[in-house]
Amino acid sequence: MWEYTDKVRDHFMNPRNVGEIENADGIGEVGSLACGDALKLFFKLDDAGRIADAKFKTFGCASAIASSSALTEMIKGMPLEEAEKVTNEDIAEYLGGLPKEKMHCSVMGREALEAAIAYYRGIPLPMAEGEVVCECFGVTDIEVRRAIAESNLRSVEEITNFTKAGGGCGKCHERLEELLREARHEVQQIIPDKRPTRLTNIQKIKLIEEVLGREVRPTLRKDGGDIELVDVDGDFVIVSLRGACGSCKKSQTTLKEYVEKKLREQVLDTLIVEEGK
Amino acid sequence: MNTVYMDNNATTRVAPEVVEVMLPYFSDLYGNPSSMHTFGGQVGHAVDEARGKIASLLGAGPDELIFTSCGTESDSTAILSALQSSPGKRHIVTTRVEHPAVKNLCENLDKLTGHKHKVTQLPVNSDGTLDLNLYEESLSDETAIVSAMWANNETGVIFPIKEMAEIAKSRGILFHTDAVQAVGKIPINLSQVPIDFLSLSGHKLHAPKGIGVLYVRKGTPFVPFIIGGHQEHGRRGGTENVASIVGLGKACEMAAKQMQDENTRVKGLRDKLEDGLLASIPSSLLNGHKTLRLPNTTNISFEFVEGEAILLHLDRFGICASSGSACTSGSLEPSHVMRAMGVPFTAAHGSIRLSLSVYNTEAEVDFVLEKLPPVIAQLRAMSPFWQGEHKGKTGSSQCKCSCS
């Protein structure tokens with residue numbers, strides 16, 4: 001069960017400003033049925049350019065409804081220039097906090113507001129201009145970059161909590177890691193990233209061949225055996241043991257304790273060595 | 001506020017009769033059944049007696065049962081045992097709608113064992129049923145084990161386990177079924193169904209949490225999962241959870257007696273609830289086959305609203321249910337069962353499961369029938385997709401969830 005604050009519960013059970021505004025000055029629509037939440041925001045300006053009224057319609061969970069309700073309460077009476085500065089963190093704070101997995105609900109509120117303001121000004125929505133990083137939830141790199149910077153996100157999981165990006169099929173996780181690295185790079189140029197760079201398949205195969213040729217094969221040959229690389233499939237390295245190794249009872253031990261150990265030390269520590277048939 | 005508990009596929013109330021027979025084993029009869037003295041020995045007799053009652057509900061021999069800590073342990077034990085006892089065979093056939101206890105295990109076998117496995121996850125039809133031809137085609141000489149649930153926890157849909165087990169047996173392939181939802185709700189007779197392993201969990205049939213059973217057919221090769229003392233004839237180490245075993249024995253004895261009630265009165269209540277909701281709420285649809293189903297479970301989708309919001313409103317009235325929506329699963333997509341069935345995305349996020357037990361009453365069903373429709377109407381009134389009686393629109397985002 002989610003731990004919601006009393007304020008979230010109150011705004012969910014008794015949502016303020018539900019409905020639509022006829023002849024609204026601003027209309028912003030984000031999300032969709034497929035995504036599991038969606039918000040349509042309306043506002044009307046008074047003569048002084050202040051938000052005189054705001055209403056919403058939301059499809060989604062309790063925190064999505066509460067975030068929408070909170071947003072309309074917050075922006076009512078604000079000059080447009082001030083409303084523009086409202087962030088998702090402000091919405092979450094107004095509600096006394098949201099569970100971290102639900103932060104994307106507050107992000108949705110802010111994006112609907114931005115969409116409504118863009119509609120009013122007759123300009124295209126800046127967020128939609130970017131490259132779509134997460135196809136499952138239609139999230140652009142601009143949205144992800146901004147969330148990383150503004151909410152100081154440090155992992156793919158956190159990006160998912162805030163923007164939903166990466167919460168579906170998971171294919172974009174690598175791209176999200178890249179965006180994280182880019183953002184980190186800007187902030188902490190002094191500390192170099194010491195993690196090994198990713199290997200392409202070709203690089204991996206070449207490196208495995210090299211280690212087998214340089215260290216493993218000469219050792220096996222001393223005992224009259226030999227080894228051949230059959231295939232590399234992700235982390236699985238399929239090899240064939242030849243000569244004396246083929247009939248040796250200890251060949252499985254050799255495979256795991258020696259060959260796999262060497263490859264893990266010198267190529268990738270996640271490799272699994274198996275014997276092909 | 002009264003609690004109207006309709007989430008019995010999640011867990012059940014421990015029957016008062018079960019609590020009663022368990023209590024002496026905490027206070028007076030605390031001996032270890034392995035001990036040589038009479039004080040411990042009498043506890044051993046109680047364990048034997050319980051084993052007999054459980055075996056009788058399943059149509060199994062008492063020696064074919066191994067006590068475990070839960071259904072998940074039983075599932076892991078069965079599948080890992082089969083893989084170890086059939087070296088060289090690295091293919092597993094399972095389904096796309098299995099409980100995470102089987103699904104996540106199968107998906108992580110490579111990492112867990114350091115060996116590469118091929119896992120076939122059979123698709124299901126839109127009503128949650130399985131195609132036997134597809135199943136048969138998926139089997140090969142490389143197949144070590146088939147693992148298929150007897151009944152689905154989210155929809156209650158029952159798989160043709162007897163036919164599936166017979167096909168596996170004729171091909172010399174081990175067969176495991178996760179029967180956690182089926183045991184106690186529908187008749188099971190293992191002397192007629194040639195399965196090798198069956199998992200059950202105590203807390204789904206009014207026994208406590210923390211006790212499970214793995215049935216292993218006599219003659220089926222078995223490799224233990226938890227290694228320790230000689231308990232369970234060396235098949236599962238660890239001192240017996242005596243009180244819970246005694247409780248589970250009582251629960252199985254009661255389940256056998258109440259099976260008739262479950263399949264008539266409880267089924268009647270379920271049908272009244274289901275028919276009532278489908279009739280009074282427009283744009284609602286049943287998830288799962290209408291008849292090939294557990295008598296206690298109904299799973300209904302309410303289009304254009306979201307499940308967690310429905311649950312929280314029901315919670316206000318003390319009504320306990322669950323949902324396959326994304327928000328309740330802690331992930332961002334609807335449940336894997338709803339997706340496997342291809343439930344349209346207009347409905348997948350708004351699915352609600354109500355699962356009954358012998359403790360539910362007609363008054364409770366009437367209460368839910370009174371409270372749920374206004375909740376749906378209220379949420380639809382604020383949904384941007386709901387446009388009165390006619391079908392709503394679905395929005396225009398770039399979203400391409402795998403549920404669509």
Side-chain angles (χ1 to χ4, degrees), chain A residues 1-2 4 9 12-13 15 18-20 29-41 56-66 68-69 99 101-102 104-105 128 132 134-140 160-161 164-169 233-236 238 256 260 270 272-274 277, chain B residues 87-88 90 110-117 142 303-313 315-316 320 322-323 325-334 339 344-350 375 378-387 392-404:
Chain A
M1 188 163 192
W2 300 113
Y4 287 130
R9 287 184 165 273
F12 165 64
M13 292 294 180
V18 175
E20 300 185 5
E29 210 174 346
V30 291
S32 79
L33 257 178
C35 289
D37 47 18
L39 161 56
K40 196 169 181 182
L41 180 73
F56 77 94
K57 281 203 154 184
T58 290
F59 158 76
C61 60
S63 52
I65 291 169
S68 312
S69 168
E101 295 87 348
K102 296 284 190 178
H104 60 84
C105 295
V132 175
C134 167
E135 292 220 342
C136 293
F137 293 106
V139 187
T140 65
T160 307
N161 287 339
K164 295 178 101 175
C169 67
D233 178 6
D235 278 346
F236 290 92
I238 317 293
K256 288 282 162 194
E260 184 171 286
T270 49
I272 296 165
V273 176
E274 294 232 339
K277 281 184 181 166
Chain B
R90 300 264 181 87
D110 292 1
K111 277 188 183 150
L112 199 66
T113 62
H115 294 292
K116 203 174 161 93
H117 293 83
E142 294 287 301
E303 289 189 286
F304 309 109
V305 285
E306 196 279 332
E308 187 208 272
I310 303 172
L311 290 186
L312 280 181
H313 275 293
D315 193 57
R316 199 155 46 111
C320 306
S322 65
S323 165
S325 86
C327 287
T328 53
S329 64
S331 78
L332 294 170
E333 296 199 325
R339 283 185 282 150
F345 65 81
T346 53
H349 291 283
V375 166
Q378 186 187 340
L379 288 170
R380 277 178 178 168
M382 69 166 86
S383 169
F385 303 121
W386 180 252
Q387 310 196 326
K393 64 191 176 75
T394 54
S396 56
S397 115
Q398 316 176 46
C399 191
K400 290 182 201 158
C401 298
S402 47
C403 52
S404 57

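Lettering follows sequence order; numbering is per chain, from 1. The shown structure was predicted, so the numbers you read here are calculated from the model rather than taken from an experiment.
Interface summary for chain B: among A/F236, A/Y4, A/F56, the most heavy-atom pairs under 4.5 angstrom belong to A/F236.
Annotation: the span from A/D37 atom CG to B/S325 atom OG amounts to 10.5 Å, rounded to 0.5 Å. Distance CZ/B/F385 to OG1/A/T58: 9.5 Å, rounded to 0.5 Å.
Neither the backbone nor the side chain of A/P99 comes within less than 4.5 Å of any heavy atom of chain B. Proximity to chain B (any heavy atom under 4.5 Å) is shown, for A/T270, by neither the backbone nor the side chain. Contacts between B/R316 and chain A at a heavy-atom distance below 4.5 Å involve the side chain alone, from C-beta outward.
Contact detail for B/F304 and A/F59: the closest heavy-atom pair is O-CD1, 3.3 Å. A/C61 and B/E308 get closest at one heavy-atom pair: CB-OE2, 3.4 Å. Summarising the geometry of B/L312 relative to A/F12, their closest heavy-atom pair is CB-CE2, 3.5 Å, with the distance given to 0.1 Å. Nearest heavy atoms, B/P384 versus A/A38: CG-O, 4.2 Å. Between A/E274 and B/G114 the shortest heavy-atom distance is OE2-O, 2.9 Å.
The backbone N or O of A/G36 sits nowhere less than 3.5 Å from a side-chain atom of B/E306 that would complete a donor-acceptor pair. Looking at B/H349, its side chain never comes within 3.5 Å of a backbone N or O of A/G60 through a donor-acceptor pair.
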Please assess B/K116 against A/I272 for the test side chain to side chain contact (heavy atoms under 4.5 Å, CB included), listing each intermediate value before the final yes or no.
CA-CA 9 Å; B/K116 203 174 161 93; A/I272 296 165; over 6 Å; no
From CA spacing to verdict: side chain to side chain contact (heavy atoms under 4.5 Å, CB included), A/I65, B/M382:
CA-CA 9 Å; A/I65 291 169; B/M382 69 166 86; 3.8 Å; yes
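In this structure, A/D235 does not pair ionically with B/K111, as no charged nitrogen and carboxylate oxygen lie closer than 4.0 Å.
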